[in-house]
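A, B, ... follow the sequence lines: proteins, then strands. Residue 1 opens every chain.
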There are 2 protein chains.
Amino acid sequence: MSTSSSDTPATTRRSGRPRSERARAAILRSAEELLDEEGYTAVTMDAIASRSGASKATLYRWWPNKAAVVMDAYFEHNNPDISFPDTGSLHADLVQQLSAVVHGMNDTVAGHLLARLIADAQYDEGLAESLRGRFISARRADAVAAIERGRARGQLRHGADPEVLVDLLYGALYYRLLVTGQHTGTGYVHTLLGQLGISSPTESG
Amino acid sequence: MSTSSSDTPATTRRSGRPRSERARAAILRSAEELLDEEGYTAVTMDAIASRSGASKATLYRWWPNKAAVVMDAYFEHNNPDISFPDTGSLHADLVQQLSAVVHGMNDTVAGHLLARLIADAQYDEGLAESLRGRFISARRADAVAAIERGRARGQLRHGADPEVLVDLLYGALYYRLLVTGQHTGTGYVHTLLGQLGISSPTESG
DNA sequence: CCCATTTCGAAACTGAACGTTTCGTACGGT
DNA sequence: ACCGTACGAAACGTTCAGTTTCGAAATGGG
């Protein structure tokens with residue numbers, strides 16, 4: 001009943017020429033290279049097509065617009081699905097996660113790219129949902145989980161709301177990235193945690 | 001020495017036809033109307049010129065690009081320079097200020113406009129500086145001043161850093177506006193203040 | 001083996017919008 | 001009167017997104 005009858009839902013092989021994996025990989029690689037070499041604004045669909053050897057028809061056959069290509073290109077080799085180990089300390093868990101984000105923001109290429117993907121998302125709800133779905137909410141979920149673990153261990157003060165704490169922590173980082181342009185770093189992460197009463201092991205035991 | 005000699009620094013009247021105040025006002029009003037009626041993306045330089053009766057040459061004579069025009073248009077009649085009265089309560093002061101921001105974010109026109117100005121600023125450092133100079137930093141300064149007053153009154157816990165608190169508060173709001181797309185409101189403002197230990201007068205006296 | 005189906009690359013095309021330039025004219029100071 | 005600047009009109013060049021057309025290539029089914 002489920003081997004290869006009329007309509008197998010997963011991996012349905014339609015007739016006709018199959019999609020070229022070679023073209024797909026070349027497109028994403030070219031987009032990433034252009035991104036690194038000349039920045040986001042220099043990445044045009046024509047440039048991607050030209051460098052990859054694919055045609056624009058193929059580009060638009062598989063991606064709805066430029067931002068979608070760029071996002072796929074970025075996440076192709078910067079997979080954000082890695083989740084962080086439980087260190088047993090709420091403070092250490094959060095430092096671990098937030099520092100990774102800060103590190104990405106300070107990378108001139110990745111940081112500007114993230115800012116600009118979010119910028120494009122203000123004009124494209126589809127892109128916004130996509131970005132949230134494959135990046136933002138994964139990070140949030142990680143952080144919330146760490147905070148829940150910390151609460152279970154009694155490392156969190158009473159009345160603290162994990163979701164709101166995540167808004168505050170990530171909010172401050174993105175606010176600096178997108179709005180004020182101020183620098184962020186590991187020191188700033190510690191400052192934030194300090195202000196929120198999530199003390200480091202050395203300070204309060 | 002300062003009446004009208006060779007170079008009076010302020011209100012220097014150069015020779016030649018003076019700038020048309022009528023054209024300036026018409027341009028900014030047209031931009032604002034287009035913004036309200038059709039949203040940011042529909043506001044093009046051609047449309048502004050056409051509606052205002054000014055020529056594109058005049059537009060580019062006085063503004064470097066579209067975002068600059070839109071920002072001037074927006075702030076022409078939505079002056080953000082109003083500062084809030086000192087209520088004597090840190091909690092009330094911050095509720096006052098943050099609620100005004102949240103209210104602006106929830107306005108479909110102003111909220112999207114702010115988000116998109118910030119988005120454009122990711123591609124235009126001049127716009128970014130301008131936006132910070134005439135909006136962001138004014139709001140920050142207000143909030144920092146309120147927190148300093150609260151600290152002087154002893155309404156703030158020891159070790160609290162006003163600048164970082166502002167990052168946390170505004171950060172959470174802008175994070176929701178720009179990144180997660182979640183709704184903000186007065187209730188959320190109270191939640192944030194509660195998480196930061198800035199209690200309302202009714203809760204802790 | 002042939003045919004239907006689908007993808008492919010090449011290339012031309014449309015359309016929107018930015019930003020520039022040219023031109024003749026209007027305005028104000030000296 | 002003259003000079004310098006701004007004005008509106010209009011055309012222009014350019015970039016880029018996204019679409020369409022075309023013939024060729026690849027796959028599966030009969």
Which of D:dG8, C:dG19, D:dC7 is nearest the side chain of B:R61? It is D:dC7
Testing C:dT6, C:dA10, D:dA9 for proximity to the side chain of B:A57, the answer is D:dA9
Under the 6.0 Å and 45° cation-pi test, does A:R19 pair with A:W62? yes
- Charged tip of A:R176 within 45° of A:Y188 ring normal and under 6.0 Å: yes
Just the rounded figure in Å: distance from [atom2] of [N] to [atom1] of [X].
{"X": "B:I48", "N": "C:dA16", "atom1": "CD1", "atom2": "P", "answer": "17 Å"}
{"X": "A:R24", "N": "C:dG9", "atom1": "CZ", "atom2": "C1'", "answer": "19 Å"}
{"X": "A:R19", "N": "C:dT5", "atom1": "CZ", "atom2": "C1'", "answer": "18 Å"}
{"X": "B:M45", "N": "C:dA17", "atom1": "CE", "atom2": "P", "answer": "13 Å"}
{"X": "A:E38", "N": "D:dT15", "atom1": "CD", "atom2": "C1'", "answer": "15 Å"}
{"X": "A:Y60", "N": "C:dA12", "atom1": "OH", "atom2": "P", "answer": "18 Å"}
{"X": "A:L59", "N": "C:dA10", "atom1": "CG", "atom2": "P", "answer": "12 Å"}
{"X": "B:L34", "N": "C:dA16", "atom1": "CG", "atom2": "P", "answer": "16 Å"}

Check your understanding: Given that A:P64 and B:A23 both sit by DNA chain D, which one's nearest nucleotide is further toward the 5' end?
Key ->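 With A:P64 and B:A23 compared, the 5'-side residue is B:A23.
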Measuring to OP1 and OP2 of [N], would you say a side-chain N or O of [X] lies under 4.0 angstrom away?
{"X": "B:R17", "N": "D:dC7", "answer": "no"}
{"X": "B:S15", "N": "D:dC3", "answer": "no"}
{"X": "B:T58", "N": "D:dA6", "answer": "no"}

Margin query: Counting only heavy atoms not in A:R157 (residues, nucleotides, ligands), do more than 12 fall under 6.0 Å from its CZ?
Written below: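 Atom CZ in A:R157 is packed in, count exceeds 12.
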Confirm from the modelled atom types if A:K56 and C:dG9 form a donor-acceptor pair under 3.5 Å, side chain to base only. no
Notebook entry, point to check: Should the pair B:R24-B:E76 be classified as a salt bridge under the 4.0 Å nitrogen-to-oxygen rule?
Noted result: yes
Could you tell me whether A:F75 and A:F135 have their ring centroids closer than 6.0 angstrom?
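Yes - the distance between ring centres of A:F75 and A:F135 falls below the 6.0 Å cut-off.
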Item to complete: Report the residue (B:D46 or A:W62) whose heavy-atom-nearest nucleotide on DNA chain C is the more 5′ of the two.
Response: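 Between the two, 5'-proximity favours A:W62.
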Sugar-phosphate, base or nothing in reach of A:K66, heavy atoms under 4.0 Å
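Result for A:K66 = sugar-phosphate.
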